Every structure is written in structure tokens, then in C-alpha cells.
2 protein chains.
Amino acid sequence: MPRPPKARLRVLDAAERIVKARGAANLTYDELVQESGVSRGGITYHFPTKDDLLRALIARDLEQGKRQEARQHAGLSDEPGAELIALIRTWGTPDSDRKRFVAGMLSAVAHDPSLLDPVRCHHQAECAMRTWDDAEIQRSVLRLAAEGLFWSEFFGCSEVPAEQRERVLLRMEQLAREWSRPV
Amino acid sequence: MPRPPKARLRVLDAAERIVKARGAANLTYDELVQESGVSRGGITYHFPTKDDLLRALIARDLEQGKRQEARQHAGLSDEPGAELIALIRTWGTPDSDRKRFVAGMLSAVAHDPSLLDPVRCHHQAECAMRTWDDAEIQRSVLRLAAEGLFWSEFFGCSEVPAEQRERVLLRMEQLAREWSRPV
DNA sequence: ATTTCCATACAGAACGTTTTGTACAGAAAT
DNA sequence: ATTTCTGTACAAAACGTTCTGTATGGAAAT
């Protein structure tokens, strides 16, 4: 039995730090050696190509995203629309680790969209589970708005000025409750 | 008076084509030479650095975006929320040139966010003109949703399956009318 | 009117940097 | 003995920028 590879984890963690701080475009082997403390050879041993490293990064993020989702799901209140409100709050949080990671991976994803294939798979499975009645259609407008808020703020071209941000979020949460009320 | 430079336009047009087709990440001088028919020297004469070229591309897109906006504004119906509905339809159009350009510039913008400074300027001026009453807060939810739809579809991680897309758009337009009705 | 001069507009090659992938010899741990 | 990793070195390519050369059109000088 091979011993558990420590270096692999150190490399992944270092890569994630670099991506969050300076974006995947500036993720080079030299930086990675310095940040992780793992030698060039060690990095290549675990991740033969850079593509492998990026895919491993995304896979890990997807996994821990699913775990967090499950944990969050368990602690949700019974209030109608609680799940949707949690989503809104997630994207509405000004400065989360998750958002920094997504933003950092942007250049890599723009260069090679197939990196997102695993994410797409997980996402579609989730969407297919929903029953698309009129109420769900309405709720998906809020889902889209939450995602739109994230990107609009990321690009700094927000539709919403900073001082109105909170009002918009509150209104979205209120709508989420209204549109999730059982008939 | 300097004579009109032809090459500059050819370079810009070619760059825009490349960005739309394969993204700014694949916008290299070699490709640009081949696509524009202008030599490397000619390109660097008009655009000393690649940064200059990208900024010129964005500036031109912003200008013609403003023109199209003005043209569209003139032809809008008097129906309440007509402007907002036009915005929704713009981002909701499955395959527009404008959207391809924005998407193509993604990698460049991710690498250097300051590229968007002119866009930000124009955008903020527009937002500041709005009166942020409760109705406007609601409408901005729809603005965010329109943008969210675009990015969610671009990444292929859409919150909305293709067969429900139209229903969501219709509901958004309906909400735009409701929330724009004069009291 | 001819010549001189100079800025503009491009062509084309060359250069230097950066980065990735690969190889390999061996140490260290299990 | 096998897996895990270090350390170094190098090939190969990609890419942005710089450099030198050339053509042209018009202003200025004569």
C-alpha cells in the first residue's frame, strides 16, 4: 500500500491560493514550486500536465461545494423558500472564498470550456429534479438574478449601486418567500 | 490632416472576428496577420501593445453599443417597462453578435479588469440617473436575472433547461410590465 | 518647378522572454 | 522493493515586442 501522498494536497492547496489571489492565468510551475514547497518533479509526478491540475482543482471544488450544500441543506429552516434564500445569500455575500475561486478560474475556463464538463453534469442533474410548474419558473428568475448579481459585481459593472445592494437582496428574499408559499 | 488609415480598421475588424469566434485568449499576432492581411509591423504601428488593441476593441464596442441603444430607445413603444423588456430580450436572444463579443473578451477581462474601466464609467452614469424607489428595486432584480441568464448559458451551467427557457423569459417580461405599471 | 526633407504608414524579420512538458538520477520513506 | 518525491536540466514552442527597412505623400525650400 502506497503511503498517502502529502505533496499532492500541498500542491492543490497552493494552487487554490494562487488562483484565488491572482487568477489561473498567473498559475505557473515556478510560482507553484515556491508556494507549495513541493519540487517541480513532485508536482509533475502527481499532475503530469497543467490541464490535469486544473481539472483536479475544479473536481475538488465541486466536491466540497456539494458537501457544503448538503451540510447547509441539513441546517435549513422549514420556512418556504429557505433553500432559495440560502442560494441568494450565497451569491449575495460580498467576499466569499468560493466566489474568489470561481472568479480566479475564469481565465482558465474561458480558454478551455471543457473544464466545466463535470460541473455541467452535476448542475443538469440538479435541474432535472425540479418540477417546472409556474412557481418554479418564477423562482428560477430569482436564481438567475442571484447569479447575475455575482457576475455584475465581479465585473464592476453592477446594475445595482452599492448603497442599494442590500435593498435589492432583501426584496429578492421576500420574493423568494412569496413565490415559495404553498397554495 | 492625416489620411484615413485603412489598416487600422482592418485590424480591428479582424480582431473582433477572432474574438467572437475563438475568444481573446486565442487572439495572437500570427492569427491577426493572417486574418487581417496587415503585417506585424502595421499592426504594431497602430497598436503599440496588445493592451492598446484590446482597449480599442472595447472602446469601439462601447460606442456602437451606445448608438444601438439610442436607436433602440427611439423605436420603443410607450408600453410601461418597454426599455426593460428590450434589455431582457437582448440578453435573452440565443445567439447575438454582441453577446459573442462580450463572451469572447472574457479571458482578457479576467486577466486585466481595468480594461472595463470605460464600460464602468458609462454604466455608473446610467445607474445614477435612475430614481431608486421600490419599483426600481424590483426592476433591477429583472435586470440582474437577464444578465444572469446570459452568463449561466455561456458557461453551459444554466439554471434553466432549454425547454423551459422561453417560459422563464415570458414570465420575466410579464413581471417587467407589472412592475412598471404607473400607480 | 524641381528638389529636399520629413512624417506617416506599413512590411518583415529577429529577438528575448516565459512557460510547458519531459527526462533522469537518486534520496527518502514505507 | 516499491512508491513517493527531490533537484536539475533541457528541448520546444508560443508569444509580445523591438528593430530595420521601404514606400508614399505632401510641405518647405530653392
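None of these values were measured; they are calculated from a predicted model. Letters A, B, ... are given to chains in the order of the sequence lines, protein chains preceding strands, and every chain is numbered from 1.
Contact of the B:Glu79 side chain with the B:Ile85 side chain is registered, since non-hydrogen atoms from C-beta on lie closer than 4.5 Å.
Of the possible donor and acceptor atoms, none in the side chain of B:Arg22 sits under 3.5 Å from a partner among the backbone N and O of B:Gly104. With B:Arg120 contributing its side chain and A:Phe155 its backbone, the two residues share a donor-acceptor pair below 3.5 Å.
Taking the six-membered ring for Trp and the full ring otherwise, B:Trp151 and A:Phe154 have centroids separated by 6.0 Å or more.
The phosphate of D:dC5 has OP1 or OP2 within less than 4.0 Å of a side-chain N or O from A:His46.
Regarding A:Asp51, its CG atom lies at a distance of 12 Å from the P atom of C:dT20, rounded to whole Å. The nearest whole Å value for the distance from the CZ atom in B:Arg8 to the P atom in C:dA9 is 11 Å. When the P atom of D:dT18 is taken as reference, atom CZ of B:Phe47 falls 16 Å away, rounded to whole Å. If you measure from atom CZ of A:Arg40 to atom P of D:dC10, you get 14 Å, rounded to the nearest angstrom. Per the geometry, OH belonging to A:Tyr45 stands 15 Å off C1' belonging to C:dC24, to the nearest Å. In this structure, CG of B:Leu27 is placed 8 Å from P of D:dG16, rounded to the nearest angstrom. When the C1' atom of D:dT18 is taken as reference, atom CD1 of B:Ile43 falls 15 Å away, rounded to whole Å. Following rounding to the nearest Å, A:Lys50 (NZ) and C:dG21 (C1') show an atom-to-atom distance of 12 Å.
As judged by a 4.0 angstrom heavy-atom cut-off over every strand, B:Leu53 is placed among residues making no nucleic acid contact. Contact annotation for B:Thr49: backbone-only contact, meaning every heavy-atom pair under 4.0 Å involves sugar-phosphate atoms and none involves a base.
When distances are taken from the side chain of A:Val38 to each of D:dG16, D:dT6, C:dC10, the shortest belongs to D:dT6. Taking only side-chain atoms of A:Ser39, from C-beta outward, the nucleotide of C:dA13, D:dT8, D:dG7 with the closest atom is D:dG7. Of the candidate nucleotides C:dT19, C:dC10, D:dG16, C:dT19 has the atom nearest to the side chain of A:Thr28. When distances run from any side-chain atom of B:Tyr29 to the nucleotides C:dA11, D:dT6, D:dT17, the shortest one goes to D:dT17.
Two residues, A:Asp30 and A:Pro48, neighbour DNA chain C, and the one matched to the more 5' nucleotide by heavy-atom proximity is A:Asp30.
In this structure, a donor-acceptor pair under 3.5 Å is absent between the side chains of B:Ser140 and A:Arg165.
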